[in-house]
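Note sheet for the following structure.
Here is how names work: the chains are called A, B, and so on, in the same order as the sequence lines, proteins then strands, and each is numbered from 1. Only a predicted model underlies this, so the values are computations on that prediction, with no experimental measurement involved.
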Amino acid sequence: MAALPAVVTANETETGTVVYRTPDGRLSPNLSEAWVVEDAERLEAALAELQTQQAIVCDPYAFPVKVEAGVPMPLSTRERIRSQGPTVALPRAS
Amino acid sequence: MYQYDEIDQRLVEERAAQFRGQVARRLAGEITEDEFKPLRLQNGVYMQLHAYMLRIAIPYGFLTSRRLRRLAHIARTYDKGYGHLSTRQNIQFNWIKLVDVPDILDELADVQMHSIQTSGNCIRNTTADAYAGVARDEIEDPRPWCELIRQWSTFHPEFAFLPRKFKIAVTGAPDEDRAAVRFHDIGLRILENAEGQRGFEVIVGGGLGRTPLVGEVIHEFLPQASLISYLEAILRVYNLFGRRDNKFKARIKILVDALGAAEFKRLVDEEWALIKDSAIDVTEEELERIRRYFIPAAYEELPSSDARLASFSLGKDRAFGQWVRNNTRHHKVPGYTIVTIAVKAPGQPPGDLTHEQMDALADLSERYTQGRLVVTHAQNLVLPDVKTEDLPALHAELLPLGLATANAGKLTDIICCPGLDYCTLANATSIPIAEAISARFDDVDYLNDIGDVSLKMSGCINACGHHHIGNIGVLGIDKRGEEFYQLMLGGAPGNDAAIGKILGPAFAKHEIVDAVDRVIQRYLTLRESPDEPFIDALRRVGLEPFKEAAYPDAKKDKRPAASARAASATTVAAPETQGT
Amino acid sequence: MLIIQDRAIVDDSFTHLDDDTPIPSAGDVTVTLSRLQSERERLAQHTGRVGVRLKSDQLPTDVAAELPLLDLIMVEFPKFTDGRGYTTGRLLRDRYGYQGELRAFGHVLRDQLFYMARCGYTSFVMAPGRSLESALEAFNDFSQSYQAAADERRPLFRRIAR
Ligand code: SF4
């Protein structure tokens, strides 16, 4: 289980889009809308619930965040890139 | 180029239909993600960091203009407008929706393409020398054999759930291995004996990843007609005895290493004795049928253009001259030249092509090279059949497309995996480092002075960027959540196969480009002459001088790791600021 | 229990005995390989049909000597990614000439059936909760095959003029 506080995430099964669980139980593509879970029990419950929705999301998991100016920020580079997109410019026509 | 008959065509269509059903069952919740994963992988569908990724097979790297146009269309319609050439001569799209994949597979089937077995624990796309069919040093075109292997391995019922993935490479050029056959699960080298007969040298158990190993020869001269029964014997031994308890020890190289090549060979020979000369081996007629598709197309009768090529490279137009010098190669047919399109423009991720570039290349290929293109394992493209006299015109057309970078085989012709920008398994980003190195060495004269040297980079130990076999290898690692980079030197993929050695403690992200720079500077000062390539100089003097260069402060205070980290006085801006 | 046999859904006639359950006086039974070897004489006299259950790491050579006694060989696929049973099937058919019923059990899913059938399997115990009706469709996923296997000893190019 991820260190707390943490955010619950997964990829949408149909599209692969990265989504985060919001406080009202929706799945949002914006990390800023994510529910920052502070206690282990609720985190486990949220994960367990998403586990049962595998047709909607794939392999849900939680990752630790810190809250900056009210917005969750991932502690790992991986989750930062995952939430913001590649760190390099996408190729474009020259 | 092999053309599907009705049977080949029906099979790829049936495969697309099968996957449509599998996706529907997945979305209806009838199969779990765990059960779906092996199915989607066998169709090249991965879940990456941001989205699904689809890897499309380009059998032994050979494309036609029509197929490339279809790939452009897929990039435009279903992705964010670009694709990525992989080190196994395939193409992958990074932003695919699962629900679209069945439609994409239909679109591919329409042009005789597919994504069958481009991932998963099965026999993958067979790779080949990118100059197959046109190289002067080739004794036989390996592509008919690759196609034979493709058909034998496609939906092979016994080998669809191997302990781990399985990769085969073939070369028909004994003197220069451009297919890295010693680093494949099976590598095949076509050889000719004193009597003029052809056979395969069979190499098994090579590979990179966590345990890099050079393959071992288990048959020095396999009669060509016995290829399929021999492959089947190897795969059968592997399927029964390869480890399944630990996925990091499941590749055939671990089995070969654990048993020893001699014992492994004994097991294979024992099995082979029971199946060779049976119906499974290819008939002469079938081989001829396949070979007919690879008969060289209409070449004009032209005088030799070797002198012309040489004069081009020394001509007044320096940019053109440098491009000719670095990106062309002698063709076996007089008057023709093999051209490498380096998909390595500064500031572009290595191997990435936009849909506009793909369409334009399809166009150019029709006008200059009979509609044929080849994806190389160095993540470049080859135009195999360009008339030498057309080179100036071709170069002029490549320039505005950003595809005339004259760095083939040079330091900035970097092989680079997607790394942490796309890959879920990554420990560190790799593309920003490649871009920073390209920016640092963005001068063709300087690159030519440095000469031939390969730089290969992976974002984790899985080694998709082949870092172990780069003359310079860079491996991204994770140190307490920070991206660090190990530097290794001395790797080589070809007939002089070698695995690089780690130079010392890993470098922080802002130091690695400087470290590479210092290694290059040291090479420039210690080489015996400008003709001594990097790898030769390294082999002559050993690692030590390069270690000193990479860690300049190490001796003074005897704290190599810490001091090396503090050593980068001339740091470039941290590479991650270059993107987004 | 319902199984797929020769592409039809049928009731399994066999009782699958663990090593401690006494062998009944009649009826079709399967036993483990070790029990087959240790109670060979007793099983040879059995009035019902006799089958053996192989683990995925048990080789065809281990059971080759017992083939005349056997009406059924069941090969376990503990996980559907464990592909040893495909080779086991082919060797039992191609090399040892086994002609009886060959059955896959364990984590058997629809998308393996085509390959299993090609490797000589004729019956299938689907993993729990799987639709047998839908699984039957999988035998028709592909209309043709390139390679030789247990179901067709000639590769495509020896079967059809291409
Ligand atoms: S080497 Fe590692 S990071 Fe790079 S693509 Fe392969 S798995 Fe991903």
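- A side-chain N or O of B:E147 and one of B:Q151 form a donor-acceptor pair less than 3.5 Å apart.
- Proximity to chain B (any heavy atom under 4.5 Å) is restricted, for C:R153, to the backbone atoms N, CA, C and O.
- For the 3.5 Å distance criterion, the side chains of C:E152 and C:S145 fail to qualify, holding no donor opposite an acceptor.
- Counting heavy-atom pairs under 4.5 Å between each of C:D151, C:D57, C:L91 and chain B puts C:L91 at the top.
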B:R40 and B:E33: CA distance, side-chain angles, deciding distance, salt bridge (charged side-chain N to carboxylate O under 4.0 Å, His left out) verdict: CA-CA 10 Å; B:R40 68 166 158 76; B:E33 179 63 10; 2.7 Å; yes

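- For B:Q22, the part sitting under 4.5 Å from any heavy atom of chain C is the side chain, from C-beta outward, and nothing else.
- Interface remark: of the candidates C:A149, C:C119, C:S143, C:S143 forms the most heavy-atom pairs closer than 4.5 Å to chain B.
- Neither the backbone nor the side chain of B:R164 comes within less than 4.5 Å of any heavy atom of chain C.
- Classified by interplanar angle (parallel below 30°, tilted 30° to 60°, perpendicular above 60°), the ring pair B:F19/B:F36 is parallel.
- For C:Q112, the part lying near chain B is the side chain, with the backbone staying farther off; criterion is any non-hydrogen pair under 4.5 Å.
- Below 30°, between 30° and 60°, or above 60°: for C:F80 and C:H107 the angle between ring planes is above 60°, a perpendicular geometry.
- If you tally non-hydrogen atom pairs under 4.5 Å between each of B:E285, B:R10, B:E6 and chain C, the highest count goes to B:R10.
- Side-chain contact of B:T118 with B:R55: a donor-acceptor pair under 3.5 Å is absent, judged by distance alone.
- Ranked by heavy-atom pairs under 4.5 Å with chain C, the list B:E30, B:R236, B:E35, B:R15 is led by B:E35.
- B:E232 touches chain C through its side chain: at least one heavy atom from C-beta onward sits under 4.5 Å away, while N, CA, C and O do not.
- In terms of heavy-atom pairs under 4.5 angstrom with chain B, the leader among C:R154, C:R90, C:K79 is C:R90.
- Of the two parts of B:L240, the backbone and the side chain both hold a non-hydrogen atom closer than 4.5 Å to a non-hydrogen atom of chain C.
- Per-residue heavy-atom pair counts under 4.5 Å with chain B were compared for C:D111, C:T81, C:D141, and the maximum is reached by C:D111.
- When side chains are defined from C-beta on, B:E271 does not count as touching B:L267, because their heavy atoms never get closer than 4.5 Å.
- At a 4.5 Å heavy-atom cutoff, the contact between B:R25 and chain C is made by side-chain atoms alone.
- If you measure heavy-atom distances from B:N121 to chain C, you find no contacts under 4.5 Å at all.
- With 3.5 Å as the limit, one finds a donor-acceptor pair spanning the side chains of B:S119 and B:Y46.
- Ring geometry for B:W272 against B:Y230 counts as perpendicular: the plane angle is over 60°, on a 0 to 90° scale with 30° as the lower cut.
- With a threshold of 4.5 angstrom between heavy atoms, B:Q18 approaches chain C through side-chain atoms but not through N, CA, C or O.
- Judged purely by distance below 3.5 Å, without hydrogens or angles, the side chains of C:Q147 and C:R118 pair a donor atom with an acceptor atom.
- Contacts of C:R158 with chain B are made by side-chain atoms alone, with heavy-atom separations under 4.5 Å and no backbone atom involved.
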